[in-house]
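Notes follow once the structure below has been shown.
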Protein chains: 2
Amino acid sequence: MQENPVINLMPGQLLARGVCRHLAQGHGFSVVEEFVPERGRRVDVMALGPKSEIWVIECKSSRADFQSDQKWQGYLDWCDRYFWAVDDQFPTELLPDDTGLIIADAYDAEVLRMAPESKLPAARRNALIRKFAHHAARRLHTLRDPDGALSGFSSM
Amino acid sequence: MQENPVINLMPGQLLARGVCRHLAQGHGFSVVEEFVPERGRRVDVMALGPKSEIWVIECKSSRADFQSDQKWQGYLDWCDRYFWAVDDQFPTELLPDDTGLIIADAYDAEVLRMAPESKLPAARRNALIRKFAHHAARRLHTLRDPDGALSGFSSM
């Protein structure tokens with residue numbers, strides 16, 4: 001029944017798991033991992049809040065993992081608040097001050113620094129929520145009935 | 001990996017499975033089963049189309065199953081088009097003419113009569129899509145990480 005037992009997860013995916021637990025249980029968010037807001041971009045965690053707020057969280061397992069990411073500023077246009085999630089060994093001084101910071105492990109997470117808010121325009125918010133809805137429902141359908149769902153997500 | 005192998009499904013759920021396959025593969029819809037649009041109501045299949053159209057499909061496995069449903073007219077307010085899904089043995093003359101008709105089995109389905117369209121107001125459509133997004137993401141999260149997600153769906 002479990003899609004991703006811990007043993008099969010990469011370091012960044014373990015962080016994402018803890019982040020998703022915390023956002024769901026502590027903040028009332030619904031989450032999807034590896035969400036594609038537009039062709040060519042994929043965010044680690046996209047979270048939809050109880051007031052339709054949209055947070056994006058990128059999970060970095062190491063300094064190298066962070067330094068090789070050339071694309072993160074492009075994600076700022078796809079959320080109200082942007083966060084990094086790292087483990088407690090990560091050199092957090094590398095991270096820009098004007099972004100949010102979450103310390104995570106595979107089991108839980110904590111928001112150490114709230115990200116500044118940059119509110120999405122209403123039309124983009126609605127379009128993102130529609131995309132989030134399609135993405136989550138198709139992945140759910142694929143798990144419930146592997147022969148039954150469409151295979152691709154990126155087309156929506 | 002499969003949540004609902006055929007052997008564990010009730011007759012109405014088998015119809016829902018075929019309906020979901022057909023809507024996903026043939027019409028580009030994303031689907032969730034047993035969706036709760038508001039407290040006290042639960043629809044068998046809620047489907048979100050590529051143009052954000054919302055269809056509701058109630059699955060009836062027998063004459064008795066249909067005749068015991070006192071609530072279906074209440075679902076008309078929650079969709080652009082309303083359908084019944086039944087198997088090929090069902091006495092379809094029982095069904096109201098001004099609703100859609102889908103013939104289904106566990107493996108596929110076919111739209112025999114398109115439902116008339118009664119367009120949702122924009123605000124209700126957006127609210128339903130948000131609820132659909134939360135519902136699908138939480139069920140997906142529960143399957144991926146059974147210890148990690150919130151348990152309830154009806155609160156959103």
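Numbered from 1 within each chain, the chains take letters A, B, ... in sequence-line order. Only heavy atoms go into these numbers, but all of them, side chains included; no hydrogens, no water, no symmetry mates. Remember, it's a predicted structure, so these values are computed and weren't measured experimentally.
- Of all heavy-atom pairs spanning B:Leu48 and A:Arg130, the tightest one is CD2-O, 4.5 Å.
- Between the NE2 atom of A:His135 and the CG atom of B:Leu140 there is a distance of 7.0 Å, given to the nearest 0.5 Å.
- Top candidate by heavy-atom pairs under 4.5 Å with chain B, chosen from A:Val31, A:Asp108, A:Leu23, is A:Val31.
- Considering every non-hydrogen atom in both A:Gly148 and B:Ala24, the closest pair reads O-CB, 4.2 Å.
- Atom CD1 of B:Ile129 is separated from atom NE2 of A:His134 by 7.0 Å, given to the nearest 0.5 angstrom.
- In A:Arg42, the CZ atom is not crowded: 12 or fewer heavy atoms of neighbouring residues, nucleotides or ligands sit closer than 6.0 Å.
- When the side chains of ILVMFWY residues are joined at heavy-atom separations under 4.5 Å, either directly or via intervening members, B:Leu15 and B:Leu101 end up in two distinct hydrophobic clusters.
- Checking A:Arg139, A:His141, A:Arg138 one by one against B:Ser30, the side chain to side chain donor-acceptor pair (under 3.5 Å) holds for a single residue, A:Arg138.
- Looking at B:Val32, only its side chain comes within 4.5 Å of chain A, counting heavy atoms on both sides.
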